[in-house]
Structure formats: structure tokens, C-alpha cells
Amino acid sequence: MEWTIQELAARAGITSRTLRHYDSVGLLAPSRVGPNGYRYYDTTAVARLQRILLMRRLGMGLPAIAGVLADEVDTCDGLRAHITALEEERDRIERQIRSARHTLEALQSGAEPRMDVMLAGFNDHYKDEVISRWGEHAFQASNDWWHGKTLDQQRAWKQAAEDLVAAWVAAVKAGVSPTSEHAQSLAARHVQWLSQIPGTPTAEGDRERSIEMVECLGDMYVDDPRFTAMYDDAAGARFVRDALRAYARTRM
């Protein structure tokens, strides 16, 4: 099977000029050019066009697309990668739908929800970090848990998190030691807070991985400016890290 440039352009929802441009920049050449100068595209060319359009839909520029296609050894592997990317895009859209429904619920009930509750999930912004550290299951379980909450439940959770951070900051300002009973009670509260999140080692009762997770989080609070700012400054983040590390090593 093969199609003329006009037939392919019509089926793909693009213009013949676009296909000619793809040819001129080396992205997609016609399978053959007839004696009359007409361009024809076979199924292999159509499959390549599909890849190009998928990458364009994901926001990639033509030079980046050319690089991907040039480095690709196996077309099937490339398609598998695109399926994964499309599934992630589908999941992102589903999260946006759930977020919009929460907003609708708030408006219909006369509530005034906070912006971060309406527009953000529990750990959407840290998805790659969560998956790399604790696996896909940890992210998916915690993300589903968060988006399954009602608006009031999300508010309550956010408030509990803010109260915990405020308690840590107050402890730093009070000048207590990270190993003091007060700091260790905050560490216990912190670990208990983590254990409420499905998919985490603390929720699943995995002692060794829980210790690793708590120590890892403490390091992240110090190393990542996004978290450091939560505790006012680097000194506050170090205090939390040291308290969590001491708790993990002596009481977990």
C-alpha cells in the first residue's frame, strides 16, 4: 500500500507543504517519486510520520525529533517509548480532570479552596524523584491516595503538614539539640505522618527501607533548595535532618 502526498496529508490532518518541509529537513522522505514528480509514501513512511507527529504533540522541536530518529536502532523500541510517554500524558490529563472536579465541588458548595489544593497533587512535582528512589508503586499508590481524597481531606492533610513544619521551625528557634527529647518527639511525629502515605516503606512496615527512607528524606531537606526553604534556611533543614537521622538510628 502507498499513498500520494495529498492523501497522506489529508489523513494526517496536516498540509502537503508540511510533508515537503519534513522532506527538506531530512525528517521524512517519500518512499518514491513517480516519473510525473508525484510523491508516494508506503506504510514504513507512514509509521515514521506517526512518530514525528507524536513527538510534535509532546512539544518536541524538529531538530530534537531528528536527533531521536537518527539515534534510534529499532522502530518498535521507539514506538514502545512513545506509548509510555502517551500513557504518562493520559495520566497527567486524568489528574487535571480530578483537580477540575475538586474545584467544581468547592464552587458548588460555596467553599473557598486554597490554590495549591486546587492545582497540585500530593507529589506530582516530584514524580521522577519518588520513582527513582522508591519505585513506581510508591508514586502511584500515594498519588491515587491523594487524588482520592475529598477537598476537605486534602485541606486537613496540608494543614497537618504545615503544622509539622512550623513545629520544627519553632524547635530550631528554641535552640534545642536535635537529639533532645523534644526534637525526637517531633521526629516520631514526622515518621508517623509519613506512615499515613500508602506505598511508602513506613506505611508498609518495612523497617530497613523505612530507616533508609527517613535518612534519605533528611538529606533531601538539606540538599534540595525547595525543601530547605520550608524550614526557613539551611540551618533549619540541617536540624531536621540530624534529628531524623538520630531517630532512625536509635528508635526505629
Side-chain angles (χ1 to χ4, degrees), residues 95-96 98-99 102-103 105-106 111-134 137-174 176 178 180 182-206 209-248 251-252:
R95 289 196 297 274
Q96 289 183 342
R98 287 192 292 264
S99 181
H102 280 305
T103 303
E105 174 188 333
E112 188 175 346
R114 285 168 28 193
M115 186 67 70
D116 59 346
V117 174
M118 287 193 293
L119 300 182
F122 174 71
N123 55 10
D124 296 35
H125 297 303
Y126 310 114
K127 177 178 179 180
D128 291 341
E129 295 169 55
V130 173
I131 291 176
S132 67
R133 293 177 185 274
W134 299 297
H137 168 70
F139 172 79
Q140 199 58 55
S142 60
N143 200 59
D144 290 346
W145 161 80
W146 175 255
H147 288 297
K149 286 180 175 293
T150 66
L151 194 61
D152 286 341
Q153 289 171 331
Q154 287 182 343
R155 284 174 173 162
W157 176 265
K158 291 276 190 175
Q159 189 59 55
E162 290 173 5
D163 291 346
L164 177 58
V165 170
W168 277 118
V169 172
V172 175
K173 291 180 177 178
V176 301
S180 68
H182 178 57
Q184 289 302 288
S185 69
L186 284 177
R189 178 177 164 188
H190 203 109
V191 173
Q192 176 60 31
W193 174 72
L194 290 170
S195 70
Q196 299 174 49
I197 306 172
T200 60
T202 50
E204 296 177 349
D206 187 329
R209 291 182 65 232
S210 294
I211 292 172
E212 179 186 355
M213 174 183 170
V214 170
E215 292 186 338
C216 181
L217 281 176
D219 291 338
M220 190 187 304
Y221 294 157
V222 173
D223 297 337
D224 193 322
R226 294 170 300 178
F227 293 101
T228 301
M230 288 171 50
Y231 300 103
D232 275 0
D233 53 28
R238 286 194 298 271
F239 177 89
V240 177
R241 177 200 62 192
D242 293 345
L244 288 174
R245 183 178 294 171
Y247 181 84
R251 307 196 185 191
M252 287 182 70

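By the 4.5 Å heavy-atom criterion applied to side chains, Y247 and L186 are not counted as neighbours. Within the 4.5 Å cutoff, side-chain heavy atoms of I197 are placed close to those of W157. Between R241 and D219 there is a side-chain heavy-atom pair separated by less than 4.5 Å.
What you find for Q184 and A243 is that their closest heavy atoms are NE2-O, 3.1 Å. Residue A183 comes nearest to P178 through the heavy atom pair CB-O, 3.3 Å, listed as atom of the first residue, atom of the second, then distance. Considering all non-hydrogen atoms of both residues, R189 and A167 come closest at NH1-CB, 3.8 Å. The heavy-atom pair separating D233 from G236 by the smallest distance is OD1-N, 2.8 Å.
Note: W193 CH2 to T202 OG1 = 10.0 Å, rounded to the nearest 0.5 Å. Distance check: M220 CE to M213 CE gives 8.5 Å after rounding to the nearest 0.5 Å. Taking CD of Q159 as the reference point, atom CG of L164 lies at 11.5 Å (rounded to 0.5 Å). Rounded to the nearest 0.5 Å, atoms CG (D206) and CD1 (I211) are 9.5 Å apart.
Proximity of a side-chain donor or acceptor of S210 to a complementary backbone N or O of P201 within less than 3.5 Å is detected. Remark: the backbone N or O of A203 is not paired with any side-chain donor or acceptor of Q196 at under 3.5 angstrom. Side chain of T228 to backbone of V222: a donor-acceptor contact under 3.5 angstrom is found.
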Run the numbers on F239 and D232 for side chain to side chain contact (heavy atoms under 4.5 Å, CB included), then give the verdict. CA-CA 11 Å; F239 177 89; D232 275 0; over 6 Å; no
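Note on ring orientation: taking the six-membered ring where Trp is involved, the planes of Y221 and Y231 are tilted (angle from 30° to 60°).
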